[in-house]
Amino acid sequence: MRFRAKIVDLACLNHFSRVINTIAKLAKTCTLRLTVSKLYFILSDKVANGGVSMWCELCQGNFFDEFQMEGVAAEHNEIYLELVPDNLSRALKTAQSAKAVKIKLTNKHCPCLRVAVELKEEVASGMLLLWSILLVSIYLPVLKTMKSVVERMKNLSNSIVIEANLSGEMNLKIETDLVSVTTHFKDLGNPPWASEDGCQSSAQGRDLENMAEARIDIKKLQQLLAGQQVNPTKALCNIVSKRIVHFILLHEDVSLQYFIPALA
């Protein structure tokens with residue numbers, strides 16, 4: 001297996017750093033999947049233990065000036081690595097005024113990534129160790145507003161109920177023996193979805209007012225809202241009633257997905 005990549009453009013480097021910083025706040029470890037055209041950062045905890053899932057997809061051409069990789073075999077031209085995102089995030093912090101950043105797969109006692117930061121007069125190097133259910137899709141409100149609401153609610157309860165319908169309404173609710181608090185969002189809109197035959201799905205025949213809802217760990221929701229630095233152009237939420245909440249943050253060249261299972 002071989003992998004090496006290089007970032008020269010400062011704007012691309014800063015953008016890549018923000019993506020890695022976001023991932024580092026969401027996952028202590030994750031799987032890095034490398035293909036010829038894309039990078040994937042994947043986290044899949046055990047749902048039985050209340051774990052979350054994450055899927056971040058990057059087109060390498062939008063970040064790297066050079067990108068070379070060879071998988072295990074020609075028919076399986078992919079590389080999978082266990083990664084500690086925080087290590088990569090710290091390594092990239094030294095590259096704020098870098099001339100270029102090189103990332104290379106090496107094997108010193110175990111597979112690892114070597115991050116070399118080319119400064120104006122010197123090169124700083126570091127080793128990175130590898131390590132028939134109701135469904136509603138809805139556009140999210142402004143994430144800063146949502147973050148502010150959740151931060152206030154987290155002092156009242158360990159869980160939060162997210163509910164939404166096909167009329168573009170979303171509610172965030174806290175309910176305890178002592179207090180009940182609900183924040184309402186309206187006119188958010190519902191994105192169309194493509195069916196298996198390629199046609200866009202329709203809400204025809206469905207109750208537009210019927211709410212899909214799921215109660216989730218409020219700290220995991222706060223982790224997503226506090227950690228994201230992608231500044232998405234679109235933010236969506238899929239709710240499978242009483243099962244899971246699926247967040248999608250879309251940027252021009254980044255797709256970040258985050259899954260939070262519903263609490264019993």
At their closest point, which heavy atom of Gly168 faces which heavy atom of Ile138, and how far apart are they? C-CD1, 3.7 Å
Hphob cluster co-occupancy, Met69 + Leu88, side-chain heavy atoms under 4.5 angstrom: yes
I'd like to check Ile174 versus Ser157 (side-chain heavy atoms, cut-off strictly below 4.5 Å). Are they in contact? yes
Nearest-0.5 Å distance that lies between atom CG in Leu143 and atom CG in Leu224: 7.5 Å
Sequence neighbours left out, what passes side-chain hydrogen bond (donor to acceptor under 3.5 Å, both in side chains) with Asn21? Give chain and number order. Ser89
Heavy-atom nearest pair, Cys56 first then Leu256, reads CB-CD1, 3.6 Å
Could you list the donor-acceptor pairs under 3.5 angstrom formed by side chains in residues 212-219, with sequence neighbours left out?
{"unit_1": "Arg215", "atom_1": "NH1", "unit_2": "Ser159", "atom_2": "OG", "d": "3.3"}
{"unit_1": "Arg215", "atom_1": "NH2", "unit_2": "Ala264", "atom_2": "O", "d": "2.5"}
{"unit_1": "Asp217", "atom_1": "OD1", "unit_2": "Lys219", "atom_2": "N", "d": "2.9"}

CG/Asn155: more than 12 non-hydrogen atoms of other groups inside 6.0 Å: yes
Evaluate whether atom NZ of Lys104 has more than 12 neighbouring non-hydrogen atoms of other residues, nucleotides or ligands under 6.0 angstrom away. no
Cluster question for you: counting only ILVMFWY and a side-chain heavy-atom cut-off of under 4.5 Å, with indirect links fine, are Phe41 and Tyr80 together? no
In sequence, state the C-alpha distance, the side-chain angles, and the governing distance for Glu151 and Gln222, and then conclude on side chain to side chain contact (heavy atoms under 4.5 Å, CB included). CA-CA 7 Å; Glu151 285 182 344; Gln222 185 190 22; 3.8 Å; yes
Please report the closest heavy-atom contact between Thr29 and Leu43, naming both atoms and the distance. O-CD1, 3.4 Å
Under 4.5 Å between any side-chain heavy atoms of Phe185 and Thr145, yes or no? yes
Inter-residue atom distance Leu81.CG - Phe3.CZ, 0.5 Å rounding: 8.5 Å
Could you report the tightest heavy-atom contact between Asn87 and Arg90, atom names first, then the distance? OD1-NH2, 2.7 Å
State which residues pass side-chain hydrogen bond (donor to acceptor under 3.5 Å, both in side chains) with Asn77; sequence neighbours excluded, sorted by chain then number. none
Evaluate the side-chain proximity of Asp86 to Lys28: yes if any heavy-atom separation is below 4.5 Å, no if none is. no
Working to the nearest 0.5 Å, report the span between OG1 of Thr182 and CD1 of Ile160. 9.5 Å
Side chain proximity check, Arg2 to Gln68, heavy atoms < 4.5 angstrom: no
Listed by chain and number, what are the side-chain hydrogen bond (donor to acceptor under 3.5 Å, both in side chains) partners of Lys154, not counting sequence neighbours? none
Could you check whether any side-chain N or O of Thr183 sits under 3.5 Å from a backbone N or O of Asn171, counting only pairs where one atom can act as donor and the other as acceptor? no
Using the test salt bridge (Lys or Arg N to Asp or Glu O under 4.0 Å), find all partners of Arg33 that sit at least two apart in sequence or belong to another chain. Glu78
Ring pair (Phe, Tyr, Trp, His ring centres under 6.0 Å) pairs, two or more places apart, involving residues 5-30: His15-Phe63, His15-His251, Phe16-Phe63, Phe16-Phe64
Is there a path of hydrophobic side-chain contacts, each under 4.5 Å between heavy atoms, that joins Leu172 and Leu188? yes
When the aromatic ring centroids of Phe259 and Phe247 are compared, is their separation below 6.0 Å? no
Contact list for residues 4-27, test salt bridge (Lys or Arg N to Asp or Glu O under 4.0 Å), sequence neighbours left out: none
Any chance you could lay out the side chain to side chain contact (heavy atoms under 4.5 Å, CB included) test for Glu163 and Met170, step after step, and finish with the verdict? CA-CA 6 Å; Glu163 61 178 16; Met170 171 182 276; over 6 Å; no
Would you compute the distance between atom CD1 of Ile7 and atom CD of Gln60 and round it to the nearest 0.5 angstrom? 10.5 Å
Under the side-chain hydrogen bond (donor to acceptor under 3.5 Å, both in side chains) test, which residues partner Ser167, sequence neighbours left out? Glu209
Tightest non-hydrogen contact, residues Thr35 and Phe67, listed as O-CE2, 3.3 Å
Does one hydrophobic cluster hold both Ile239 and Val149, with members joined at side-chain heavy-atom distances below 4.5 Å? yes
Between Leu92 and Ser17, is the side chain to side chain contact (heavy atoms under 4.5 Å, CB included) condition met? List the steps. CA-CA 6 Å; Leu92 292 174; Ser17 298; 3.8 Å; yes
Sequence neighbours left out, what pairs pass salt bridge (Lys or Arg N to Asp or Glu O under 4.0 Å) with at least one residue falling in residues 247-264? none
Interatomic spacing from CH2 in Trp55 to OG in Ser255 - rounded to 0.5 Å: 9.5 Å
Salt bridge (Lys or Arg N to Asp or Glu O under 4.0 Å) with Arg152: which residues, sequence neighbours excluded? none
Return the minimal non-hydrogen interatomic distance between Asn210 and Asn165, and the atom names on each side. O-CB, 3.2 Å
Output all residues satisfying salt bridge (Lys or Arg N to Asp or Glu O under 4.0 Å) with Glu169, sequence neighbours left out; order by chain, then residue number. none
Please identify each residue that fulfils salt bridge (Lys or Arg N to Asp or Glu O under 4.0 Å) with Glu57, with sequence neighbours left out. Lys38
Treating Ile, Leu, Val, Met, Phe, Trp and Tyr as nodes and any side-chain heavy-atom pair under 4.5 angstrom as an edge, say whether Leu10 and Val254 lie in one connected cluster. yes
Output, in order, the C-alpha distance, side-chain angles, deciding distance and verdict of side chain to side chain contact (heavy atoms under 4.5 Å, CB included) for Glu66 and Val8. CA-CA 9 Å; Glu66 299 177 12; Val8 176; over 6 Å; no
Hey, are Ser137 and Asn238 close enough side-chain-wise for a donor-acceptor pair under 3.5 Å? yes
Quick one: CG on Leu263 to CD1 on Ile260, what's the gap to the nearest 0.5 Å? 9.5 Å
Should Thr176 and Leu156 count as side-chain neighbours, where that means a heavy-atom distance under 4.5 Å? no
